[in-house]
Amino acid sequence: MRPYLLLPVLLFTAGCPKKPVDEPPPPPPPVAEPAKPREVPPPVAEMTKNFARVFFEFDSSDLTADGKSALDANAGIMGQYSDIRLEVQGHADERGTTDYNIALGQKRADALVRYLLQRGVATSRVKSVSYGEERPLDGLSTERAWEQNRRAEFVVTWSGDAPVQGTSN
């Protein structure tokens, strides 16, 4: 074979692209650790424990002795910690018209707010809202269900943080 013919063959094979080398895959993105829930300050935890729920008699917004006791304890806590705020949510059972139950739920929430204000809690730190019969704990139409639905619940906030539901729904 003639050497000048061999040169183009050598150049051709040397110039051919080589099979790419498999590169290792990039490392997986780091797994973000779930955000740890912020610890609830002890006074807020105490308030949510005190405010399990406040229940009312049929067609009444009068506070019971248990309700007053919880309110007294929490008024004391709020007196010590000025960054705590409270929303009182009034509820009613399904009996009565929607408008009547909204009004009754508001009377219940307002009764609790008035009690706290009388114990020295500033108006700017407490608000009330009524849900009437719209958020029942028990959807049955029984006396036991109605007793559970005649209540007030609480949402506690502090230092502008996310609210802490004072009761479990």
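Under the 4.5 Å side-chain heavy-atom criterion for grouping Ile, Leu, Val, Met, Phe, Trp and Tyr, Val129 is not connected to Leu104 through any hydrophobic cluster. One hydrophobic cluster, built from ILVMFWY side chains closer than 4.5 Å, cannot hold both Leu112 and Phe55; they sit in different ones. Residues Ile77 and Val54 fall within the same hydrophobic cluster, defined by Ile, Leu, Val, Met, Phe, Trp and Tyr side chains chained together at heavy-atom separations under 4.5 Å. Phe58 and Phe56 are not part of a single hydrophobic cluster, where members link through side-chain heavy atoms under 4.5 Å apart.
The nearest pair of heavy atoms linking Ser128 to Asp110 is OG-OD1, 2.6 Å. Residues Gly90 and Ala109 share a closest heavy-atom pair of N-CB, 3.7 Å.
In this structure, Ile84 and Pro43 have side chains that are in contact, with non-hydrogen atoms separated by less than 4.5 Å. Side-chain contact check for Ser141 versus Glu94: some heavy-atom pair is nearer than 4.5 Å. Counting only heavy atoms from C-beta outward, the side chains of Asp62 and Glu57 never approach each other to under 4.5 Å.
The structure places CZ of Phe154 at 9.0 Å from CD of Gln89, a figure rounded to the nearest 0.5 Å. Separating the CD atom in Glu46 from the OH atom in Tyr81 is a distance of 10.5 Å, to the nearest 0.5 Å. In this structure, Leu63 CG and Arg114 CZ are separated by 8.5 Å, a value rounded to the nearest 0.5 Å. Once rounded to the nearest 0.5 Å, the distance linking CG of Leu86 with CG of Asn74 reads 7.5 Å.
Residue pairs meeting the salt bridge (charged side-chain N to carboxylate O under 4.0 Å, His left out) criterion with at least one member in residues 124-138, sequence neighbours excluded, are Glu87-Lys127.
A donor-acceptor pair is defined here as one N or O able to donate and one able to accept, closer than 3.5 Å; such a pair exists between the side chain of Arg108 and the backbone of His91. At least one donor-acceptor pair under 3.5 Å links the side chain of Asn149 to the backbone N or O of Leu137.
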### Query
Under the side-chain hydrogen bond (donor to acceptor under 3.5 Å, both in side chains) criterion, do Tyr131 and Asn101 qualify, and how do the steps go?
CA-CA 8 Å; Tyr131 292 108; Asn101 287 334; over 6 Å; no
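Applying the side chain to side chain contact (heavy atoms under 4.5 Å, CB included) rule to Glu143 yields the partners Arg95, Trp146, Glu147, Arg150; only residues at least two apart in sequence or on another chain are considered.
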